[in-house]
Amino acid sequence: MKEIKRINRELIHSGAILDIYEDTMQLPNGKTEKWDFVSHRMGAACVLAVKPNGKILMVRQYRNAIDRETLEVPAGKRDSVEEDTKICAERELEEETGYRAGKLEKLLSLKSTVAFCDEFIDVYLATELEKVGEQHLDESEEIDIEEWDLKDLMDMCYRGELQDSKTVAAIMAYAAKGSF
């Protein structure tokens with residue numbers, strides 16, 4: 001593959017968790033093009049949480065980018081770039097569902113949108129769940145908790161009803177693990 005070179009990066013917008021840049025790229029044929037780049041400053045973690053009865057905890061919430069509610073695994077951004085994603089996963093599970101995991105293991109790491117964004121998400125499997133309280137949501141969050149069977153979630157993925165990349169990856173990784 002021939003070399004593509006970034007010759008300039010200009011910050012267009014700095015938001016709460018994202019920075020948006022315009023990159024000037026030199027192509028192998030010598031021409032230049034403008035490419036968008038979104039930097040997710042914190043990274044994130046998500047949790048596929050399995051109750052002792054085999055049901056998977058899912059959260060339903062509104063997502064502005066697609067202007068509708070989605071069904072997702074619990075997730076959130078790290079509090080700092082130094083925060084271990086396992087700590088983030090533990091916190092988000094408890095905040096969004098009121099559950100704590102007796103066992104938390106990393107399933108995989110993924111980049112959510114490699115065409116224009118550097119966000120990474122570590123995906124964890126939470127088992128030996130214990131209800132420790134109620135949700136502790138941010139003021140702007142409204143999240144409903146639902147319990148689902150793995151087969152139904154997989155069917156929804158294959159029908160295109162679940163499209164959130166971290167959620168689909170978590171479900172498929174858990175199914176492939178085969179330890180349920």
Side-chain angles (χ1 to χ4, degrees), residues 4 6 8-25 34-50 56-127 129 132-146 153 157 162-174:
I4 297 173
R6 180 183 313 111
N8 189 45
R9 173 167 281 168
E10 181 181 348
L11 179 64
I12 303 300
H13 174 76
S14 186
I17 59 172
L18 302 173
D19 289 332
I20 302 171
Y21 295 89
E22 181 180 77
D23 287 350
T24 305
M25 306 299 292
K34 302 287 185 181
W35 290 1
D36 294 331
F37 168 64
V38 177
S39 176
H40 187 284
R41 290 191 299 271
M42 296 296 182
C46 71
V47 185
L48 188 124
V50 183
I56 297 171
L57 293 178
M58 301 290 287
V59 295
R60 187 173 298 276
Q61 61 187 318
Y62 175 79
R63 292 299 196 181
N64 184 54
I66 57 175
D67 194 25
R68 67 176 171 88
E69 285 187 342
T70 61
L71 186 64
E72 303 174 34
V73 293
K77 70 175 182 64
R78 297 186 302 169
D79 282 347
S80 73
V81 294
E82 293 86 22
E83 182 181 42
D84 186 318
T85 57
K86 187 173 185 177
I87 301 299
C88 176
E90 291 170 339
R91 180 185 64 252
E92 292 298 327
L93 175 63
E94 189 170 338
E95 285 179 3
E96 292 188 4
T97 69
Y99 282 85
R100 190 173 295 149
K103 184 176 178 186
L104 191 66
E105 67 179 286
K106 190 172 179 181
L107 285 176
L108 60 104
S109 295
L110 61 94
K111 299 277 188 181
S112 61
T113 318
V114 297
F116 62 86
C117 184
D118 67 355
E119 179 186 33
F120 75 88
I121 302 173
D122 285 342
V123 180
Y124 288 87
L125 172 62
T127 55
L129 298 182
V132 293
E134 300 303 313
Q135 293 173 307
H136 303 287
L137 303 176
D138 294 338
E139 194 172 296
S140 62
E141 288 181 309
E142 187 164 319
I143 296 175
D144 293 325
I145 305 165
E146 301 179 13
L153 292 172
C157 289
L162 293 180
Q163 298 177 336
D164 173 60
S165 62
K166 70 184 179 307
T167 298
V168 172
I171 291 165
M172 295 303 171
Y174 177 61

Asker: For residues Ala75 and Glu96, report the shortest heavy-atom separation together with the two atoms involved.
Answerer: O-OE2, 2.7 Å
Asker: Is it true that, when you exclude Arg41 itself, more than 12 heavy atoms of the residues, nucleotides or ligands shown sit nearer than 6.0 Å to its CZ?
Answerer: yes
Asker: Quick one, Arg100 and Leu93 - any side-chain contact, counting heavy atoms below 4.5 Å?
Answerer: no
Asker: Asp122 pairs by salt bridge (charged side-chain N to carboxylate O under 4.0 Å, His left out) with which of Lys86, Lys106, Arg78, Lys111?
Answerer: Lys106
Asker: Considering only heavy atoms from C-beta outward, does the side chain of Asp36 approach that of Ile20 to under 4.5 Å?
Answerer: no
Asker: Hey, are the side chains of Val168 and Gln163 touching, using non-hydrogen atoms and a 4.5 Å cut-off?
Answerer: no
Asker: Stepwise, does the side chain to side chain contact (heavy atoms under 4.5 Å, CB included) test hold for Asp67 with Tyr62?
Answerer: CA-CA 7 Å; Asp67 194 25; Tyr62 175 79; 2.6 Å; yes
Asker: Shortest non-hydrogen contact from Leu110 to Ala169?
Answerer: CD2-CB, 3.5 Å
Asker: If you take all heavy atoms of Asp23 and Arg6, which pair is closest and at what distance?
Answerer: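 Heavy atoms only, the tightest pair is OD2-NE, 3.3 Å.
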Asker: Between Thr97 (side chain only) and Tyr99 (backbone N and O only), is there a donor and an acceptor less than 3.5 Å apart?
Answerer: yes
Asker: Atom SG of Cys88 and atom CD1 of Ile121: how far apart are they, to the nearest 0.5 Å?
Answerer: 10.0 Å
Asker: Verify, without hydrogens or angle tests, whether Ser80 (side chain) and Glu83 (backbone) share a donor-acceptor contact under 3.5 angstrom.
Answerer: yes
Asker: Taking the side chain as everything from C-beta on, heavy atoms only, tell me whether Arg63 gets closer than 4.5 Å to Gln61.
Answerer: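 Of all side-chain heavy-atom pairs linking Gln61 with Arg63, at least one is under 4.5 Å.
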Asker: What's the verdict on side chain to side chain contact (heavy atoms under 4.5 Å, CB included) for Glu119 and Lys77, showing C-alpha distance, side-chain angles and the deciding distance?
Answerer: CA-CA 10 Å; Glu119 179 186 33; Lys77 70 175 182 64; over 6 Å; no
Asker: Minimum heavy-atom separation for Leu129 to Ala49, with atom names?
Answerer: CD1-CB, 3.8 Å
Asker: Between Arg91 and Asp79, does any side-chain N to carboxylate O distance fall below 4.0 Å?
Answerer: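 A salt bridge links Arg91 with Asp79.
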Asker: Distance from His40 atom NE2 to Ser112 atom OG, nearest 0.5 Å?
Answerer: 7.5 Å
Asker: Atom CD in Glu82, atom CD1 in Ile87: separation rounded to 0.5 Å?
Answerer: 13.5 Å
Asker: Nearest 0.5 Å, what's the CG-CE distance between Asp164 and Met58?
Answerer: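 The CE atom of Met58 is 8.5 Å from CG of Asp164, to the nearest 0.5 Å.
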Asker: I need the Asn8 CG to Lys34 NZ distance, nearest 0.5 Å.
Answerer: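 That separation rounds to 6.5 Å.
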Asker: How long is the gap from CD on Glu69 to CZ on Arg60, to the nearest 0.5 Å?
Answerer: 6.0 Å
Asker: Stepwise, does the side chain to side chain contact (heavy atoms under 4.5 Å, CB included) test hold for Thr167 with Leu153?
Answerer: CA-CA 10 Å; Thr167 298; Leu153 292 172; over 6 Å; no
Asker: Side chain to side chain contact (heavy atoms under 4.5 Å, CB included) between Ile171 and Leu48: does it pass, once the steps are laid out?
Answerer: CA-CA 7 Å; Ile171 291 165; Leu48 188 124; 4.0 Å; yes
Asker: Which atoms form the tightest heavy-atom contact between Ser14 and Asp19, and what is the distance?
Answerer: OG-OD1, 2.8 Å
Asker: Which atom pair, heavy atoms only, marks the closest approach of Ala101 to Ala126?
Answerer: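 Looking at all heavy atoms of both residues, the shortest contact is CB-CB, 3.6 Å.
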Asker: Do the side chains of Tyr174 and Val73 get nearer than 4.5 Å, heavy atoms only?
Answerer: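 They are not in contact (no side-chain heavy atoms under 4.5 Å apart), so the answer is no.
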Asker: Contact between Ser39 and Tyr21 at the side-chain level, heavy atoms closer than 4.5 Å - yes or no?
Answerer: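 Heavy-atom side-chain distance check passes, below 4.5 Å.
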